[in-house]
S.K.: 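Sending over a structure as structure tokens; questions will come in a sec.
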Amino acid sequence: MNKREFLDLGKQPIANGFLYEKEFDNEFFYDLNVAIDRDTYLITHVDYVKPELMFNDTYAYRGSMSLTMRKHFAELSESLKKTLPSKPKVLEIGSNDGVFVKNWDKETTIAVEPCSNFAKETNDLGYKTYDGFWTTELAETIVEEHGKMDLVFAANCMCHIPDLDQTFSAVENVLADDGFFVFEDPSLSKMINENSFDQIYDEHPHIFSVIALKSFLERNGLVIVRVDNISVHGGSNRIWAQKEKAAKPDSSVEQNITHEKIIGLNTFCTFDRFAENVEDCKTDLHRLLTRCVDQGKKVVSYGATSKSTTVFNYCGIGPDLIQYITDTTPEKQNKFSPGVHIPIVSPEGNFDDSVDIAFLGAWNFAKEIKKKEVAYINRGGKFITHVPIVRFI
Ligand code: JHZ
């Protein structure tokens, strides 16, 4: 790739590398520099973190921890079933804790998951799960053992894989001639509009525009036939692709590409301006949290997200500003946040009357959280977000 760097997010740890105190000294850090590929306009990291350092048998993120996502995948599955032939053969790449596959038939659904803890979990549930990374070789094994697939699905997985050519050509190989490849990932247009720079961390080596995806998919025999703009994870795109011979793109594809050109996703100055906005956010957020602490407020964070790893490490926000982070995920509780080492605790007994202000690490679930924490809001508790600008909500 012919990369032009535009953003330096500094030294960063593994975003989901929640750790114990005894592990602090050996924590891994890397330089998070972000670039645009001059040929395809793909937004990508200058250097990639080795996948094995992020996706292994201690992976902590569980997709099913929010009601929003459980509902999202259940509804999507119902609608996909109406598009596909009856008893479709389904493959999910990056099945995590099974939040998507649980909506499908165990006999005809298989999965691929490199985090062994979760591969075991879905195998135990009865879904044949290959414990490994998505590769050309694995795609060939799957074709030999199961034949071609009517649906290849991936949610928040494609943008995690550094080598897109290998990834998409392996999908093309495993897909039936009239099959669908459907995948969702955070949208670059949303990230730029909302200044949600925390979508960028080790696990997201790319943030996709439709413009860039078109190049990568087409050179691997796949054509985008439909784009859905969806609200999950702060604004994502669901891409539908098919093999060249079966593809009949609808108007949503050209509409999205036109919109992306209008907002300048194919011009360098858009990203230079974004980098300036990111720097402003750092100053504003640090200043607001400092002011709250100086006023004697108890400030915590809500949701130990990968995104907040980027925010806290880039903005220099540690336990001096945020006393602790609450999170419902058992795998994250009683550990410390990556890099800046803020304690993580269960919300039970900790998101209580003593809290004055909560930074929304999980800002993408603001609606769900505000509904759940109505008692906190009613007694005057405040949330702070940095998306699209730093403010109380
Ligand atoms: P959430 C992860 O990013 C990592 P993160 C990954 N790379 C990716 O692409 C996206 O997901 C999709 C907690 N929570 O989903 C649960 C509460 O505590 O924004 C989660 O730990 N209480 C695969 O980590 C976290 O917040 C609640 O009420 O940025 C949310 O993480 C709710 C709703 C959530 O993803």
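Numbering of residues begins at 1 and proceeds along the displayed sequence. Counting starts at 1 for both ligands and their atoms, following the listed order.
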S.K.: ring-ring contact (aromatic ring centres under 6.0 Å, His included), that's the test. Do F274 and F197 meet it? Break it down for me.
M.R.: CA-CA 9 Å; F274 171 69; F197 67 92; 7.4 Å; no
S.K.: What closest approach, in Å, do I344 and S337 show between heavy atoms, and which atom pair accounts for it?
M.R.: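 In this case the closest contact between I344 and S337 is CD1-N, 3.8 Å.
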S.K.: Answer yes if F359 and I389 sit in the same cluster of Ile, Leu, Val, Met, Phe, Trp and Tyr residues linked by side chain heavy atoms under 4.5 Å apart, and no otherwise.
M.R.: no
S.K.: In terms of atom number and element, which parts of ligand 1 are under 4.0 angstrom from non-hydrogen atoms of S66?
M.R.: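 Within the 4.0 Å cut-off of S66, ligand 1 contributes 33 (C).
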S.K.: Please report which non-hydrogen protein atom sits nearest to atom 14 (N) of ligand 1, along with the residue it belongs to and the distance in Å to one decimal place.
M.R.: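 The closest one turns out to be T328 OG1, 3.8 Å.
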S.K.: State whether a side-chain donor-acceptor pair under 3.5 Å links S64 with D97.
M.R.: yes
S.K.: Between the side chains of D198 and W363, is a donor N or O closer than 3.5 angstrom to an acceptor N or O?
M.R.: yes
S.K.: Could you check which of E368, K370, E373 puts a non-hydrogen atom nearest to atom 33 (C) of ligand 1?
M.R.: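 Residue with the shortest heavy-atom distance to the ligand atom: E368.
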S.K.: In terms of atom number and element, which parts of ligand 1 are under 4.0 angstrom from non-hydrogen atoms of H160?
M.R.: 6 (C), 7 (N), 8 (C), 9 (O), 23 (C)
S.K.: Taking side-chain contact (heavy atoms from CB on, under 4.5 Å) as the test, write out the residues that go with N103, two or more places apart.
M.R.: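 side-chain contact (heavy atoms from CB on, under 4.5 Å) check on N103 returns F73, A74, S77.
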S.K.: Considering only the protein, which heavy-atom contact is closest to atom 35 (O) of ligand 1, and what is its distance?
M.R.: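 Looking at atom 35 (O) of ligand 1, the protein heavy atom closest to it is Y61 CE1, 3.4 Å.
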S.K.: Starting from atom 28 (O) of ligand 1, what is the nearest protein heavy atom, named by residue and atom, and what distance separates them?
M.R.: K372 NZ, 2.5 Å
S.K.: Around atom 22 (N) of ligand 1, find the nearest protein heavy atom and jot down its residue, atom name and distance.
M.R.: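 Result for atom 22 (N) of ligand 1: Y302 CE2, 3.6 Å.
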S.K.: Say whether T136 and Q166, considering side chains only, have a donor N or O and an acceptor N or O under 3.5 Å apart.
M.R.: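 The criterion, which ignores hydrogens and geometry beyond distance, is satisfied for Q166 and T136.
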S.K.: Output the list of atoms in ligand 1 that are nearer than 4.0 Å to some heavy atom of E203, sorted by atom number.
M.R.: 4 (C), 6 (C), 7 (N), 23 (C)
S.K.: Among protein heavy atoms, which sits nearest to atom 19 (O) of ligand 1, and what does the distance come to when rounded to 0.1 Å?
M.R.: K307 NZ, 2.7 Å
S.K.: Should N16 be counted as touching ligand 1, given the test is an N or O pair under 3.5 Å?
M.R.: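 N16 vs ligand 1: no N/O contact under 3.5 Å.
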S.K.: Say whether T122 and T129, considering side chains only, have a donor N or O and an acceptor N or O under 3.5 Å apart.
M.R.: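 Short answer, yes.
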S.K.: What protein heavy atom lies closest to atom 31 (O) of ligand 1? Include the residue and the distance to one decimal.
M.R.: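 Sorting protein heavy atoms by distance from atom 31 (O) of ligand 1 puts T305 CG2, 3.5 Å first.
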S.K.: Provide the number and element of each atom of ligand 1 under 4.0 Å from a heavy atom of K332.
M.R.: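 Those atoms are 20 (C), 21 (O).
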S.K.: Should Y201 be listed as contacting ligand 1, given a heavy-atom distance under 4.0 Å as the test?
M.R.: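 Right, Y201 reaches ligand 1.
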S.K.: Can a non-hydrogen atom of Y59 be found less than 4.0 Å from any atom of ligand 1?
M.R.: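 So Y59 counts as touching ligand 1.
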S.K.: We want to know whether T283 and D280 form a side-chain donor-acceptor pair, criterion being a heavy-atom distance below 3.5 angstrom.
M.R.: no
S.K.: Strictly by modelled atom types, are N229 and N237 linked by a side-chain donor-acceptor pair under 3.5 Å?
M.R.: yes
S.K.: List ligand 1 atoms under 4.0 Å from G303, heavy atoms only on the residue side.
M.R.: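 Ligand 1 atoms under the 4.0 Å threshold to G303: 26 (O).
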S.K.: Among protein heavy atoms, which lies nearest atom 34 (C) of ligand 1, and at what distance?
M.R.: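 Of the protein heavy atoms, F365 CD1, 4.4 Å lies nearest.
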S.K.: Has R62 got any heavy atom lying under 4.0 angstrom from an atom of ligand 1?
M.R.: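 No, that is not the case, since the closest heavy atom of the residue is not under 4.0 Å from the ligand.
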S.K.: Tell me which one of K371, H204, H233 gets a heavy atom nearest to atom 9 (O) of ligand 1.
M.R.: H204
S.K.: Report yes or no: do Y127 and E107 form a side-chain donor-acceptor pair below 3.5 Å?
M.R.: no
S.K.: Looking only at side-chain N and O atoms, does K370 offer a donor or acceptor that is under 3.5 Å from a partner on Y376?
M.R.: no
S.K.: Can you pull out the closest protein heavy atom to atom 13 (C) of ligand 1? Residue, atom name and distance to 0.1 Å, please.
M.R.: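 I find the closest protein heavy atom is D327 OD2, 3.2 Å.
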